[in-house]
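All ligand and atom numbering here is 1-based and tracks the order in the structure. Note that the coordinates shown come from a computational prediction; the quantities given were computed from them, not determined experimentally.
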Amino acid sequence: MALLGVNIDHVATVRQARRTDEPDPVWTAAEAELGGADGITFHLREDRRHIQDRDARLLSETVGVKLNMEMAAADEIVAIALELKPDQCTLVPERREEITTEGGLDVVRHRSRIEPAVKRLRDAGIIVSAFIEPIGEQVRASAVMGFQAIELWTGAYAHAKTPATQLAALDALRSGIKVGREVGLEVHGGHGLTYRNIAPIASMPGFGEFNIGHSIISRAVFVGIREAVREMKELLIRHAPR
Ligand code: PXP
């Protein structure tokens, strides 16, 4: 069954709305662990719009499950990752004007910038994952560039407006998983996954990890972090491939 990584950035977004010290994403990570999270994911953006350096440091000191740091392949952020040594770094595209990470990283186009970052992180013993769209060329290039894992962008599935586009997005994910496994990559999934749309994705064989943020934190406003994580974990168990 795939692991559940809980993305806690959204709690830091609420805190930063007031530039105060609550709610604390570090507390969120502890609560998520108590709810059964297999991993904690955070994104240290170059513009520091939500997670701050202090959060990244405390998370690296306190999280007991797999710690996954999302980041751009930027020198300043790579240096921080090398110091904090999370279990995994997921390289993502970053644009200042975006609301959240939109679409995957184009590893083919940005190869010359990305490849040295992958090497430095790998050499430090960190698992390096590429957040990419489920396109064969991107998957194969990720393996060639030294990534050990890919996180397939599930946004096309999550945002699909018709059953036909949703089925096409599921097909693309299925073939992305197939190519990824053939070239020896661990395959993860994430973006836009919710309690309502997780079942077809959770039941797809080949996913090793899901990273889910917005939907879990939204539910947590009403039921608390621990319960929200427990409910998502239960769905992953119920719909796990047989
Ligand atoms: N995976 C990656 C690489 C992301 O950038 C994000 C969004 O920060 C997520 C997963 C989680 O997406 P969502 O908040 O839509 O669940």
Side-chain angles (χ1 to χ4, degrees), residues 2-14 16 25 28-29 32 37-51 55-56 59 66-74 77 81 86-107 114 121 127-134 138-139 142 147-160 169 173 176 180 185-199 201-202 207-221 225 228-229 231-233 235-236:
L3 303 180
L4 173 60
V6 177
N7 184 314
I8 60 170
D9 299 344
H10 304 76
V11 173
T13 299
V14 174
Q16 295 312 112
T28 311
D38 303 295
I40 299 297
T41 292
F42 69 97
H43 184 175
L44 185 67
R45 294 184 69 108
E46 288 182 271
D47 63 10
R48 306 299 199 275
R49 72 167 70 152
H50 40 54
I51 293 290
D55 305 326
L59 289 168
K66 178 175 180 178
L67 186 64
N68 175 35
M69 176 172 168
E70 290 178 11
M71 53 184 272
I77 306 291
D87 300 293
Q88 176 173 287
C89 287
T90 301
L91 300 192
V92 302
E94 236 178 61
R95 284 195 302 276
R96 276 168 203 266
E97 65 275 17
E98 70 192 358
I99 295 172
T100 180
T101 313
E102 289 158 6
L105 183 64
D106 187 340
V107 294
I114 293 168
L121 294 165
I127 299 167
V128 195
S129 178
F131 183 52
I132 56 170
E133 289 175 34
Q138 295 287 333
V139 176
S142 300
F147 284 100
Q148 295 118 307
I150 49 173
E151 180 174 330
L152 296 177
W153 178 69
T154 49
Y157 161 74
H159 305 319
L173 287 166
L185 294 164
E186 176 74 22
V187 182
H188 310 152
H191 192 86
L193 298 175
T194 70
Y195 296 84
R196 290 197 191 96
N197 71 17
I198 191 69
I201 296 280
F207 276 123
E209 176 182 313
F210 296 115
N211 287 299
I212 307 177
H214 188 260
S215 191
I216 291 178
I217 302 303
S218 300
R219 182 167 294 215
V221 170
I225 301 279
V229 172
E231 289 176 22
M232 184 60 83
K233 185 86 193 175
L235 288 177
L236 294 186

Apply side-chain hydrogen bond (donor to acceptor under 3.5 Å, both in side chains) to residues Glu94 and His43 and explain how you reach the verdict. CA-CA 10 Å; Glu94 236 178 61; His43 184 175; 2.8 Å; yes

Using the rule given for side-chain hydrogen bond (donor to acceptor under 3.5 Å, both in side chains), can you reason through Asn7 versus Thr41, listing the C-alpha separation, both sets of side-chain angles and the distance that settles it, and then say yes or no? CA-CA 4 Å; Asn7 184 314; Thr41 292; 5.7 Å; no

With side-chain hydrogen bond (donor to acceptor under 3.5 Å, both in side chains) as the test, would you mind laying out the steps for Glu209 and Asn211 before giving the verdict? CA-CA 7 Å; Glu209 176 182 313; Asn211 287 299; 3.1 Å; yes

Applying salt bridge (Lys or Arg N to Asp or Glu O under 4.0 Å) to Asp9 and Arg45, what does each step give before you reach the verdict? CA-CA 10 Å; Asp9 299 344; Arg45 294 184 69 108; over 6 Å; no

Chi angles and distances behind the side-chain hydrogen bond (donor to acceptor under 3.5 Å, both in side chains) call for Gln88, Gln148: CA-CA 10 Å; Gln88 176 173 287; Gln148 295 118 307; over 6 Å; no

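Listed by number with element, the atoms of ligand 1 under 4.0 Å from a non-hydrogen atom of Val92 are 3 (C). Annotation for ligand 1: atoms under 4.0 Å from non-hydrogen atoms of Asn211 are 10 (C), 11 (C). Of all the atoms in ligand 1, the ones that sit under 4.0 Å from a non-hydrogen atom of Ile212 are 16 (O).
Within the structure, ligand 1 has Glu151 among the residues with a heavy atom less than 4.0 angstrom away. Using a 4.0 Å heavy-atom cutoff, Ser215 is absent from the residues neighbouring ligand 1.
Classification of the His159-His191 ring pair by plane angle, with boundaries at 30° and 60°, yields perpendicular.
Residue Gly213 places at least one N or O, backbone or side chain, under 3.5 Å from an N or O of ligand 1. For ligand 1, the polar-atom distance check against Glu70 finds a nitrogen or oxygen pair separated by under 3.5 Å.
Of the listed residues (His10, His191, His214), the one carrying the non-hydrogen atom nearest atom 12 (O) of ligand 1 is His191.
The distance from the CG atom of Leu91 to the OG atom of Ser129 is 8.0 Å, given to the nearest 0.5 Å.
At a heavy-atom distance under 4.0 Å, no atom of His43 approaches ligand 1.
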